[in-house]
Amino acid sequence: MKSSAVALLLGLALCAGPGLADKSAGQVVDDAAVQARVKARLVDENFFGGLNINIEIRRGVVQLGGFVDDAASATKAANTARSVEGVVAVDNQLHVKEGKASIGQIVDDRVISTTVKGKLANAALGTGYKVNVDTYNGVVLLTGFVDSAATKAKAADLAKETSNVKQVINGIHVMN
């Protein structure tokens, strides 16, 4: 079983897109194992019951991203991630939801997220990036990892140029 898991992870590393371009096969396997442990620990703590948390990892740095109901949930998720073996640091980009979202706003938020994701996919951002897009009440949260401050800024500019975006929180982590 263990060898098939390693083979699967290596296969994923070889088939993966630009988000893994700057990582060796060993780093991909190590990060994937740590990411799996973080996800398992968060599931054990019931973090996925209604919470939308993105978990990205690069060289042991775990980034949590998304919108949560309260600050206590954000703190607890970060502390839970920190407790996992192999985690070097946690970049907590969990933001508290502001106000209630109407059904119409939820639809608008999905359109915004999809539009921003499309812009990012079509932009010449180079290799070695992985950006998540979450939107709540017109506020766009960008998280993930990129290889330069210029790429981080370009992603934010693309989001800001999108219709119905009220604010952009650029939580992208630059990893050199």
Side-chain angles (χ1 to χ4, degrees), residues 19 30-121 125 129-147 149 151-176:
D30 290 346
D31 283 350
V34 172
Q35 186 175 35
R37 288 195 297 269
V38 169
K39 285 182 181 181
R41 187 76 53 85
L42 289 171
V43 166
D44 286 347
E45 297 287 328
N46 296 316
F47 272 100
F48 293 102
L51 295 180
N52 219 359
I53 298 176
N54 295 312
I55 304 166
E56 297 297 335
I57 185 164
R58 184 80 45 105
R59 291 184 227 132
V61 176
V62 172
Q63 186 184 63
L64 303 175
F67 290 98
V68 294
D69 293 331
D70 53 57
S73 294
T75 300
K76 185 176 179 187
N79 290 339
T80 299
R82 259 185 217 96
S83 73
V84 174
E85 180 184 343
V87 172
V88 174
V90 174
D91 179 14
N92 188 356
Q93 292 295 326
L94 295 173
H95 295 268
V96 177
K97 296 175 185 174
E98 296 293 330
K100 293 279 187 191
S102 67
I103 299 285
Q105 184 63 56
I106 291 168
V107 171
D108 288 348
D109 288 347
R110 288 186 180 157
V111 170
I112 291 169
S113 289
T114 301
T115 302
V116 173
K117 288 175 186 179
K119 286 181 176 187
L120 292 172
L125 297 179
Y129 76 91
K130 168 67 171 139
V131 176
N132 296 307
V133 180
D134 294 290
T135 307
Y136 186 80
N137 267 344
V139 177
V140 174
L141 171 62
L142 302 174
T143 58
F145 291 93
V146 297
D147 58 2
T151 302
K152 176 180 177 172
K154 174 75 172 172
D157 289 343
L158 291 169
K160 287 175 188 171
E161 296 167 358
T162 304
S163 296
N164 298 319
V165 171
K166 296 175 186 170
Q167 178 188 358
V168 175
I169 300 170
N170 193 346
I172 297 172
H173 190 97
V174 177
M175 199 74 165
N176 299 339

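The model shown is predicted, which means the values in this text are computed figures rather than measured ones. For reference, positions follow the sequence shown, starting with 1.
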Legend entry - Contact summary for Val168 and Ala159, nearest pair of heavy atoms: CG2-CB, 3.8 Å
Inset, instruction - Taking all heavy atoms of Leu94 and all of Ala77, pick out the closest pair and write down the distance. - result: CD1-CB, 3.7 Å
Inset, instruction - Could you tell me which residues satisfy side chain to side chain contact (heavy atoms under 4.5 Å, CB included) with Asp44, sequence neighbours excluded, listed by chain and number? - result: none
Inset, instruction - Indicate yes or no for a side-chain donor-acceptor contact from Gln63 to the backbone of Gln93 under 3.5 Å, with no hydrogens or angles considered. - result: no
Legend entry - Closest approach of Ala81 to Val38 (non-hydrogen atoms, all atoms of both residues): CB-CG1, 4.1 Å
Legend entry - Separation between CZ of Arg59 and CG of Asp30, rounded to the nearest 0.5 Å: 12.5 Å
Inset, instruction - Apply side chain to side chain contact (heavy atoms under 4.5 Å, CB included) to Arg41 and list each qualifying residue two or more places apart in sequence or on a separate chain. - result: Thr80, Ser83, Val84
Legend entry - Lys152 atom NZ, neighbour heavy-atom count above 12 within 6.0 Å: yes
Legend entry - Stepwise side chain to side chain contact (heavy atoms under 4.5 Å, CB included) test for Glu56 and Thr143: CA-CA 9 Å; Glu56 297 297 335; Thr143 58; 5.8 Å; no
Legend entry - salt bridge (Lys or Arg N to Asp or Glu O under 4.0 Å) partners of residues 75-86, not counting sequence neighbours, each pair once: Glu45-Lys76
Legend entry - Any Arg37 side-chain heavy atom under 4.5 Å of Val34 side chain: yes
Legend entry - Any side-chain heavy-atom pair of Arg58 and His173 under 4.5 Å: no
Inset, instruction - If a pair satisfies ring pair (Phe, Tyr, Trp, His ring centres under 6.0 Å) and one of its residues is in residues 85-104, list it, with sequence neighbours excluded. - result: none
Inset, instruction - Would you name the heavy atoms of Ile112 and Ser163 that are closest together and state the gap between them? - result: CG1-O, 3.8 Å
Legend entry - Side chains of Val62 and Asp91 in contact at under 4.5 Å (non-hydrogen atoms): no
Inset, instruction - Return the minimal non-hydrogen interatomic distance between Ile172 and Ala155, and the atom names on each side. - result: CD1-CB, 3.7 Å
Inset, instruction - Using a 4.5 Å cut-off on heavy atoms from C-beta on, say whether the side chain of Leu158 contacts that of Thr162. - result: no
Inset, instruction - Return the minimal non-hydrogen interatomic distance between Asn92 and Ala78, and the atom names on each side. - result: ND2-CB, 3.3 Å
Inset, instruction - Return the set of residues passing side chain to side chain contact (heavy atoms under 4.5 Å, CB included) with Thr151 (not counting sequence neighbours), or none when no residue passes. - result: Leu125, Val146, Asp147, Ser148
Legend entry - Spatial distance of atom CD1 (Ile53) from atom CG (Leu64) [nearest 0.5 Å]: 6.5 Å
Legend entry - Asp108 vs Gln105 side-chain heavy atoms within contact, under 4.5 Å: yes
Inset, instruction - Give the C-alpha distance, both sets of side-chain angles, the deciding distance and a yes or no for salt bridge (Lys or Arg N to Asp or Glu O under 4.0 Å) between Asp69 and Lys97. - result: CA-CA 6 Å; Asp69 293 331; Lys97 296 175 185 174; 3.3 Å; yes
Would you give me the side-chain donor-acceptor pairs under 3.5 Å for residues 134-142, sequence neighbours excluded?
{"residue": "Asp134", "atom": "OD2", "partner": "Asn54", "partner atom": "ND2", "Å": "2.6"}
{"residue": "Thr135", "atom": "OG1", "partner": "Ser113", "partner atom": "OG", "Å": "2.7"}
{"residue": "Tyr136", "atom": "OH", "partner": "Gly99", "partner atom": "O", "Å": "2.8"}
{"residue": "Tyr136", "atom": "OH", "partner": "Ala101", "partner atom": "N", "Å": "3.4"}
{"residue": "Asn137", "atom": "ND2", "partner": "Glu98", "partner atom": "O", "Å": "2.9"}
{"residue": "Asn137", "atom": "ND2", "partner": "Lys100", "partner atom": "O", "Å": "3.4"}

